[in-house]
Amino acid sequence: MDCHIYGVAFLLLLCRTSALPDNPLPRTTLSSTTAGTSSSGTSTGINSNSVLVALLDSHYTELAELVEKAFLLQTLEDVIGHHNITILAPRNEAIDRLVDPEFKQFLLEPRNLPSLQSILLYHIIPSRLHSRTLSQQASHLTLTGEQLQLPVGSLSDPNVILRPDGVIHGINQLLIPRSVQQDYNRHRSLADISAVLPTGAPDVDPRTHRLKKLAPPVPLGAPPVLPIYVAMAPGPNLSPAPAPGPGSGKHHFDGHNQVKDFIQTLLLYGGYNELADILVNLTSLATEMGRLVSEGYVLTVLAPNDEAMAKLTTDQLSEPGAPEQIMYYHMIPEYQTEESMYNAVRRFGKIKYDTLRLPHKVVAKEADGSVKFRSGEGSAYLFDPDIYTDGRISVQGIDAVLFPLEENVPAAEVMPADKKPSTVTRHTKLKRGKLLETACKLLGAFGHSRFITCQ
């Protein structure tokens, strides 16, 4: 009896196992496989109609190359396998021209790969957002986990590319998350303190023989307390070569890069190669200008063109400190543009601008619809306006080299003291004679000509 029961149970179990498939899967796996066929296919390979392939469009090739260099293709494939994405793609011009070259070099260094990945994932939102939704919401959660606030006016090409797994919006700038900005600032600060600069001896008050009190801290970006002449390097009469001046150590501006851009602009503009050669090779004025701008000072450079510089003689340039003195007279410690100079001379007639060559000043006035510096043979016209203006350095092209007026008046213009009164007296007598003659004619017309002075 028991044997028959066991035999029937065995036959039922055998029939049930034969009805099952060869590779049984859980029910959840089967349902997810049938429901997500398209998603599983996308995760194993990129579809030709995918939004990642659309990144290879001609406007976004730079972004596609950065994604490949950051090894993010597999990560983005996995993300697309789960949900749609929205890519804020900067155009090639925004990455090539608007991004600082030093910042771009920082991102491409192998040790800074996490920063490159963060800045790219910061441009991707794990949901499908059209332009209207993108502009209505104040912030969006990105793949980095940070909230993105899209700057106003940065959306240049909304809904430019639509694909089944995502959408691409064109923007006109590269968005930088706070974490990457902090990493870059930390990198720059470490690069600045990698070399220890020597500091000068402490200042001692000769009256009290005590250390002088330090100046109060200057707010970030505020103009410097000391005049620019104090911060300048000593001239050749104090040292054999221009030496670095007493720096404050608080560099709120990147003056060296600004001077580098200004000299590069002179070379690309054309006609100012001689001036660039003097600033960089013949003197160390480029370095000194960069230091002054870094400490918060502003400069306006009156740049003579190559034709004017070619008229300089060898004697004028061979004297010790002559090139520096010539250039100092062409530097105004103010930020002036062509418009501000022209408006000033139109309103006030003549304007005297201080120069870095104390105590000489350069006089400007309006002439022929332009600004004219000095008068006579040594005059120069402003004919290349605003060659370079960045808010700290302004470059105005002139057609002659300026030299300061000599303090002594030429002998030909000085007149003897004994002749001055006679000249003035004779000039007064002429005026008085004409007045009397006119009065006598009027009296004669009325019949009253019996005065002694009229006879």
Side-chain angles (χ1 to χ4, degrees), residues 228-229 231-245 255-256 258-293 297 299-334 336 352-364 371-384 387-388 393-410:
I228 190 173
Y229 308 103
M232 287 174 55
N237 54 347
L238 300 180
S239 61
H256 295 285
Q258 288 179 280
V259 172
K260 188 187 302 182
D261 294 341
F262 135 62
I263 294 176
Q264 189 70 20
T265 303
L266 284 181
L267 298 176
L268 296 177
Y269 192 87
Y272 295 91
N273 297 337
E274 296 293 335
L275 177 65
D277 183 59
I278 288 180
L279 293 176
V280 177
N281 299 326
L282 195 57
T283 65
S284 61
L285 290 178
T287 304
E288 184 175 355
M289 289 174 62
R291 182 181 57 81
L292 292 175
V293 174
Y297 298 99
L299 293 171
T300 298
V301 181
L302 304 179
N305 58 3
D306 289 345
E307 296 181 3
M309 299 295 290
K311 297 179 182 178
L312 294 176
T313 62
T314 307
D315 297 337
Q316 291 174 328
L317 294 175
S318 60
E319 296 181 3
E324 289 86 350
Q325 295 300 327
I326 293 175
M327 290 296 100
Y328 281 153
Y329 190 64
H330 290 76
M331 295 183 186
I332 301 174
E334 305 174 17
Q336 296 287 342
K352 292 184 178 180
Y353 293 105
D354 293 328
T355 65
L356 296 189
R357 184 175 178 180
L358 286 176
H360 300 287
K361 298 184 179 182
V362 59
V363 180
V371 182
K372 183 180 180 181
F373 302 96
R374 290 278 308 276
S375 59
E377 296 181 356
S379 62
Y381 283 89
L382 194 156
F383 75 107
D384 272 342
I387 298 177
Y388 180 83
I393 301 176
S394 173
V395 182
Q396 309 295 328
I398 58 178
D399 59 353
V401 180
L402 299 174
F403 290 94
L405 290 172
E406 297 295 333
E407 296 181 359
N408 298 328
V409 182

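Every heavy atom of this structure was used, including side-chain atoms; hydrogens, water molecules and symmetry mates were not. Position 1 is the first residue of the sequence; numbering continues from there.
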Does any non-hydrogen side-chain atom of Leu317 lie less than 4.5 Å from one of Ile326?
yes
OG1 of Thr283 to CE of Met327, rounded to nearest 0.5 Å, is 8.0 Å
Residue pair Ala286 / Val280: nearest heavy atoms and the distance that separates them
CB-CG2, 4.4 Å
Is it true that a side-chain atom of Thr300 and a backbone atom of Glu334 form a donor plus acceptor pair closer than 3.5 Å?
yes
Taken to the nearest 0.5 Å, the spacing of Ser379 OG from Phe373 CZ works out to 11.0 Å
Roughly how far apart are Glu324 CD and Leu356 CG, rounded to 0.5 Å?
12.5 Å
So do Gln396 and Val371 actually touch side chain to side chain, heavy atoms under 4.5 Å?
no
Mind checking what makes side-chain hydrogen bond (donor to acceptor under 3.5 Å, both in side chains) contact with Asp277, not counting sequence neighbours?
Asn281
In terms of heavy-atom contacts, Pro323 and Leu282 come closest through CG-CD2, 3.9 Å
Which residues pass the side-chain contact (heavy atoms from CB on, under 4.5 Å) test with Glu319, sequence neighbours left out?
Ala322
Minimal heavy-atom distance between Asp399 and Tyr381, with the atoms involved, is OD1-N, 2.8 Å
Taking the side chain as every heavy atom from C-beta outward, state whether Ile393 and Tyr388 have any atom pair closer than 4.5 Å.
yes
Yes or no on side chain to side chain contact (heavy atoms under 4.5 Å, CB included) for Val395 and Thr265, after CA distance, side-chain angles and deciding distance?
CA-CA 10 Å; Val395 182; Thr265 303; over 6 Å; no
Residues passing the salt bridge (Lys or Arg N to Asp or Glu O under 4.0 Å) test with Lys361, sequence neighbours excluded, are Asp354
Would you name the heavy atoms of Ala380 and Leu402 that are closest together and state the gap between them?
CB-CD2, 3.7 Å
Restricting to non-hydrogen atoms, name the atom on Lys311 and the atom on Gln316 that form the minimum distance, rounded to 0.1 Å.
O-OE1, 4.4 Å
Return the set of residues passing side-chain hydrogen bond (donor to acceptor under 3.5 Å, both in side chains) with Tyr329 (not counting sequence neighbours), or none when no residue passes.
none
Run the side-chain contact (heavy atoms from CB on, under 4.5 Å) test against Tyr269 and tell me which residues pass, sequence neighbours left out.
Tyr272, Asp384, Ile387
Measuring from Arg291:CZ to His256:NE2, what's the distance to the nearest 0.5 Å?
8.5 Å
Let me have the donor-acceptor pairs involving side chains of residues 302-310, under 3.5 Å, with sequence neighbours excluded, atom names and distances please.
from   : atom 1 : to     : atom 2 : distance (Å)
Asn305 : OD1    : Ala308 : N      : 3.0
Asp306 : OD1    : Asn273 : N      : 3.1
Asp306 : OD1    : Glu274 : N      : 3.0
Asp306 : OD2    : Asn273 : N      : 3.4

About how many Å separate OH of Tyr328 and CD of Glu288, when rounded to the nearest 0.5 Å?
3.5 Å
Output, in order, the C-alpha distance, side-chain angles, deciding distance and verdict of side chain to side chain contact (heavy atoms under 4.5 Å, CB included) for Met289 and Val301.
CA-CA 11 Å; Met289 289 174 62; Val301 181; 4.0 Å; yes
What pair of heavy atoms forms the shortest contact from Thr355 to His360, and how long is it?
OG1-O, 2.7 Å
Between OG1 on residue Thr287 and CG on residue Leu292, distance to nearest 0.5 Å
11.0 Å
